[in-house]
Amino acid sequence: MQIGPHSLPNRLFVAPMAGVTDRPFRQLCRRLGAGYAVSEMVTSRKELWGSLKTSRRADHSGEPGPIAVQIAGTDAAMMAEAAAYNIDRGAQIIDINMGCPAKKVCNKWAGSALMRNEALALEIVEAVVAVCAPCGVPVTLKMRTGWSADERNALRLARLFESAGIAMLTIHGRTREQGYKGLAEYDTIAAVKTALTIPVVANGDIDSPEKARDVLAYTGADALMIGRAAQGRPWIFREVAHFLATGEHLAAPSVIEARDVLTEHLHDHYGLYGELSGVRSARKHIGWAVRGLPGGEAFRQHMNTLERCDLQLQALRDWFDELGQTHDRLPPAEAANDDDEVQAQEACAA
Ligand SMILES: Cc1cc2nc3c(=O)[nH]c(=O)nc-3n(C[C@H](O)[C@H](O)[C@H](O)COP(=O)(O)O)c2cc1C
């Protein structure tokens with residue numbers, strides 16, 4: 001798998017998720033089998049570049065390359081400037097966001113709303129490519145299948161974007177209108193893959209090794225991108241990789257390994273956000289990790305009352321140790337993506 005000059009170790013990618021795929025989470029997923037990770041979206045609005053949020057989002061210290069930064073905005077010149085700014089700060093790949101459905105982003109004609117204005121979308125792509133190409137930085141793009149079921153223009157846009165110099169295209173198999181509801185469809189992704197020569201990445205609802213195999217086979221995509229299913233389950237990447245390579249299931253992680261992986265993630269997380277902010281933003285990661293496990297909900301509620309990193313870490317350790325007394329390996333968890341809409345709206349709008 002290749003993006004411009006960059007070779008990737010495999011074709012399993014972590015999806016960019018604002019508020020989730022910060023540097024600690026990306027590194028965690030990479031350690032556990034993801035071949036590539038795009039950063040959370042960074043705004044093209046210059047006045048926000050100095051903010052704490054943007055500087056944390058742009059933190060790539062110690063991260064293995066290629067460093068891919070996603071930018072979002074509505075103005076071609078500003079997007080080009082944002083690309084140049086991020087290249088100066090180490091970005092090796094620039095990804096354009098045309099997939100986020102959040103209202104705050106869409107009202108400003110950013111994210112997936114851009115798919116409705118094809119001329120502007122193309123203008124943005126051309127402006128960003130014009131800045132990146134001389135630096136040898138590939139430009140990639142992530143979009144949905146269209147605005148709505150009646151306006152499914154991903155194929156037309158994909159052709160335009162390829163001609164404009166996009167090096168890789170990711171498609172989330174939903175329209176903007178769907179938000180995160182309904183099911184992802186893969187026919188549009190398959191049609192785009194057939195029409196293009198650049199790598200195409202399939203995204204949407206891939207939550208198991210079997211689903212990964214089926215989506216790869218159905219779409220013919222060059223790579224897969226996994227988002228929500230990696231929340232609290234970052235080992236999904238090695239599980240999928242193993243299944244694709246051997247046709248056999250890798251055993252679930254031991255309870256002890258899950259505990260240690262999460263503990264390490266939290267240390268890294270506190271390091272980026274500090275105690276006050278870190279203990280709060282870590283709650284969602286812990287909540288996802290225990291979601292659907294026996295006693296997980298009660299633990300999540302208790303953990304939300306803890307305001308110090310050391311107490312949070314200890315509670316987590318105790319909870320997993322207790323689970324380890326009845327289970328060697330992590331028991332299967334029920335999937336629960338019911339808050340995705342809210343979560344994504346909040347995260348992307350921020
Ligand atoms: C909390 C959250 C934040 C997201 N933030 C972004 C983002 O910043 N940029 C982007 O292109 N997509 C974003 N997405 C969309 C995901 O990258 C992905 O396309 C979507 O979740 C579908 O994949 P999945 O079914 O594997 O989760 C976000 C999704 C969620 C749930």
Side-chain angles (χ1 to χ4, degrees), residues 12-23 25-26 29 34 36-44 53-54 56-58 68-73 82 93-106 110-115 121 139-145 154 168-176 178-186 188-189 200-209 211-212 214-216 219 221 223-234 236-237 240 281 284-285 287-288 291 335-350:
L12 301 175
F13 302 172
V14 197
M17 290 181 282
V20 182
T21 48
D22 50 19
R23 198 244 311 134
F25 188 77
R26 293 194 298 273
C29 292
Y36 181 60
V38 184
S39 73
E40 311 162 87
M41 160 175 80
V42 172
T43 176
S44 63
K53 177 168 269 165
T54 302
R56 277 187 185 137
R57 284 190 178 182
V69 174
Q70 188 183 65
I71 56 173
I93 295 173
I94 294 290
D95 186 56
I96 299 177
N97 179 339
M98 288 194 197
C100 189
K103 285 201 180 72
K104 190 165 157 198
V105 174
C106 286
S112 55
L114 277 174
M115 293 186 70
V139 180
T140 61
L141 190 142
K142 180 161 173 286
M143 65 180 179
R144 290 186 168 229
T145 54
M168 181 180 82
L169 194 65
T170 301
I171 303 178
H172 173 192
R174 284 188 175 82
T175 62
R176 190 269 162 190
Q178 278 181 281
Y180 290 87
K181 299 207 167 61
L183 299 173
E185 56 92 0
Y186 306 106
T188 306
I189 304 177
V200 172
V201 184
N203 168 239
D205 297 350
I206 299 165
D207 58 1
S208 69
K211 186 79 184 260
D214 295 348
V215 173
L216 267 182
T219 61
L224 298 175
M225 187 175 264
I226 299 178
R228 290 164 297 171
Q231 294 174 342
R233 281 174 64 201
I236 189 170
F237 296 100
V240 169
S281 50
K284 60 177 179 272
H285 291 285
W288 289 325
R291 179 173 58 185
N337 282 336
D338 45 1
D339 62 347
D340 294 337
E341 195 71 43
V342 177
Q343 190 202 120
Q345 289 281 356
E346 286 173 359
C348 290

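We count ligands from 1, going down the list as the structure has it; atoms in each ligand are counted the same way.
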Inset, instruction - Just do the side chain to side chain contact (heavy atoms under 4.5 Å, CB included) check on Thr170 and Thr140 with the steps written out, would you? - result: CA-CA 8 Å; Thr170 301; Thr140 61; over 6 Å; no
Inset, instruction - Kindly indicate whether the side chain of Ser39, heavy atoms from C-beta on, has any atom under 4.5 Å from the side chain of Arg26. - result: yes
Inset, instruction - With heavy atoms of Arg228 as the reference, note each atom of ligand 1 found under 4.0 Å away. - result: 21 (O), 24 (P), 25 (O), 26 (O), 27 (O), 31 (C)
Legend entry - Test side chain to side chain contact (heavy atoms under 4.5 Å, CB included) applied to Asp95 and Lys142, step by step: CA-CA 7 Å; Asp95 186 56; Lys142 180 161 173 286; 4.0 Å; yes
Inset, instruction - Please say whether Val20 places an N or O atom under 3.5 Å from an N or O atom belonging to ligand 1. - result: no
Legend entry - Point-to-point distance, once rounded to the nearest 0.5 Å, from NZ of Lys211 to OH of Tyr186: 3.5 Å
Inset, instruction - Could you list which atoms of ligand 1 come closer than 4.0 Å to a heavy atom of Ala15? - result: 17 (O)
Legend entry - For Asp205, salt bridge (charged side-chain N to carboxylate O under 4.0 Å, His left out) partners two or more places apart: Arg174, Arg228
Inset, instruction - Would you please determine whether Gly19 falls within less than 4.0 Å of ligand 1 on a heavy-atom basis? - result: no
Inset, instruction - Mind checking whether Lys142 contacts ligand 1 via backbone (N, CA, C, O), side chain (CB onward), both or neither, at a 4.0 Å heavy-atom cut-off? - result: side chain
Inset, instruction - Would you tell me which option among Ala18, Gly227, Pro16 has the nearest heavy-atom contact to atom 17 (O) of ligand 1? - result: Pro16
Inset, instruction - Have a look at ligand 1 and work out which part of Asp205, if any, has a heavy atom under 4.0 Å from it: side chain, backbone, both or neither. - result: both
Inset, instruction - Examine the proximity of ligand 1 to Gln70 and report which part, side chain or backbone, both or neither, has a heavy atom under 4.0 Å away. - result: side chain
Inset, instruction - Could you tell me whether ligand 1 has any atom less than 4.0 Å away from a heavy atom of Ala229? - result: no
Inset, instruction - Could you tell me whether Ile226 and ligand 1 have an N or O pair separated by under 3.5 Å? - result: no
Inset, instruction - Would you mind reporting whether Val14 and Phe237 have side-chain heavy atoms less than 4.5 Å apart? - result: yes
Inset, instruction - Give the atoms of ligand 1, by number and element, whose distance to some non-hydrogen atom of Tyr180 is under 4.0 Å. - result: 14 (N), 15 (C), 20 (C), 21 (O), 28 (C), 29 (C), 30 (C)
Inset, instruction - Starting at CZ of Arg57, measure out to CZ of Arg23 and round the result to the nearest 0.5 Å. - result: 15.0 Å
Inset, instruction - Look only at interatomic distance and state if Arg174 has a nitrogen or oxygen under 3.5 Å from any nitrogen or oxygen of ligand 1. - result: no
Legend entry - Gap between atom CD of Gln70 and atom OG1 of Thr21 - 0.5 Å precision: 8.5 Å
Inset, instruction - Answer yes or no for Arg144 and Tyr180: cation-pi contact, defined as NZ/CZ to six-membered ring centre under 6.0 Å and angle to ring axis within 45°. - result: yes
Legend entry - Met41: numbered ligand 1 atoms lying under 4.0 Å from its heavy atoms: 8 (O)
Inset, instruction - Please state which part of His172 comes within less than 4.0 Å of ligand 1, counting heavy atoms only: side chain, backbone, both or neither. - result: side chain
